[in-house]
Amino acid sequence: MAKPQYRFCVGPWNFSEGRDPYGPETRAAQTFDWKLEALKQLGFDAMMFHDDDAVPDIESKSAAQVLKEAKELKKRLDGEGLVAEMVAPRLWFAPQTVDGGYTSNNKKDRQYAIDRSRQTIDIARVLGTDLIVLWLAREGTYVRESKSGARSTELLVEALDAMLAHDKKARFCIEPKPNEPMDHAYVPTIGHALALAHLTRDPKRVGALIESAHAILAGLDPADEIDFAMTFGKLWSLHLNDQNGLKFDQDKPFGSSNLRVAFNQVRALERNGYGKKGEFVCFDVHPFRTTKETHFLKHLDNSRKTFLKLVEKARTYPTKEADALIADRNYQDLDQLVIEHLLGK
Ligand code: GLO
Ligand code: MG
């Protein structure tokens with residue numbers, strides 16, 4: 001199998017300012033123009049967008065104005081030689097989404113979520129991407145008795161059906177996450193996402209996005225999630241990052257906490273040919289709160305560096321030796337072989 005060449009992508013939110021629940025920003029906000037320039041300087045190929053990253057203050061603008069601004073953005077991206085990887089409806093900020101988007105107990109608010117998602121699809125079409133990412137941020141509960149899991153599953157399918165009907169070409173990537181901001185989310189893993197896809201009117205157009213940190217938060221190995229999704233031909237986007245155990249979502253640089261887990265993700269991507277159909281490697285990483293403005297781009301550059309070094313490690317993995325150890329059920333030495341390969345000479 002030909003080795004995939006990777007193309008890289010980040011979102012404007014990955015240039016974050018360091019705010020956390022206990023303290024304010026530690027870096028000044030940068031403009032969209034600055035971020036676009038930074039992306040180019042880094043040699044990244046694409047940008048991912050929330051609907052309101054593409055069109056700021058989207059709620060205060062008419063549908064026609066939104067599309068006009070999306071067209072202007074498309075021109076700018078073309079001029080810079082960049083592409084939009086995806087567009088995602090931001091369904092977790094507005095007052096209408098306090099109780100969730102598609103699974104809110106309020107019918108009007110559910111309609112708001114669907115309307116906003118349809119508009120996102122229109123923006124994506126203008127930006128030249130067929131990919132819509134659905135991070136189901138508030139589709140879950142703080143109080144389990146406040147919603148029915150069965151009804152919520154039906155509502156999610158109804159929402160996906162409405163989106164699938166809105167555009168016959170759009171593809172939808174569900175980005176599972178087990179918790180945060182919710183106590184429990186309704187779509188915590190890739191298995192849930194793909195099962196949900198099968199209940200929709202067009203399962204072929206519903207796939208998944210794996211984020212390393214989210215899989216780790218679900219107590220899973222992200223490499224297994226990648227293998228599972230790719231066995232179904234359903235991994236259409238990827239948020240690589242890292243996470244140190246079961247705590248708040250950390251979005252650390254790729255490989256920062258566990259190099260071996262990162263290595264196995266790269267191996268899984270390589271063995272399944274990720275990228276061969278044009279899929280991008282996106283880093284959903286944030287600078288540490290302590291990061292100075294002068295080091296604003298390090299987390300992105302470093303994540304890509306680590307990724308590419310691990311691609312080298314995956315491609316030079318001593319397969320023959322490993323296979324012999326596997327045949328002999330000598331997993332003890334297989335373990336050491338991996339450690340020594342990662343440590344290098
Ligand atoms: C948060 C998610 C978030 C999404 C983004 C795209 O935990 O990872 O960053 O990836 O909003 O939908
Ligand atoms: Mg993400």
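Atoms within each ligand, like the ligands themselves, are counted from 1 in listed order. Only a predicted model underlies this, so the values are computations on that prediction, with no experimental measurement involved.
Distances from the Mg ion (ligand 2) show that H239 has an N/O/S atom below 2.8 Å. Distances from the Mg ion (ligand 2) show that E175 has an N/O/S atom below 2.8 Å.
When only interatomic distances are considered, the shortest N/O to N/O separation between W92 and ligand 1 does not fall below 3.5 Å. Of the polar atoms of W135, none of the N or O atoms is found under 3.5 Å from an N or O of ligand 1, judged by distance alone.
Annotation: W135 is not in aromatic contact with H239 [ring centroid separation under 6.0 Å not met]. The aromatic ring centres of F296 and W34 sit less than 6.0 Å apart. With ring centers used as reference points, Y6 lies under 6.0 Å from F307.
Salt bridge K169/D167: absent, no basic N to carboxylate O contact under 4.0 Å. Taking a cutoff of 4.0 Å between a charged side-chain nitrogen and a carboxylate oxygen, R125 and D122 qualify as a salt bridge.
The Mg ion (ligand 2) lies closest to atom OE1 when only the N/O/S atoms of E211 are considered.
Ring-plane geometry between F263 and Y317 is classed as tilted, the angle between the planes lying from 30 to 60 degrees on a 0 to 90 degree scale.
When heavy-atom distances to ligand 1 are checked against a 4.0 Å cut-off, L134 has no atom that comes that close, whether in backbone or side chain. If you look at M48 next to ligand 1, there are no close heavy atoms at all, none under 4.0 Å.
Side chain to side chain, Q119 and D115 fail the donor-acceptor criterion of an N or O pair below 3.5 Å.
Of the candidates H50, H286, E211, H50 brings a heavy atom nearest to atom 6 (C) of ligand 1.
Scanning the protein heavy atoms around atom 9 (O) of ligand 1, the nearest turns out to be D284 OD2, 2.9 Å.
Residue H214 has at least one heavy-atom neighbour below 4.0 Å for each of these atoms of ligand 1: 1 (C), 2 (C), 7 (O), 8 (O). Here is the list of ligand 1 atoms found below 4.0 Å of a heavy atom in K177: 1 (C), 7 (O).
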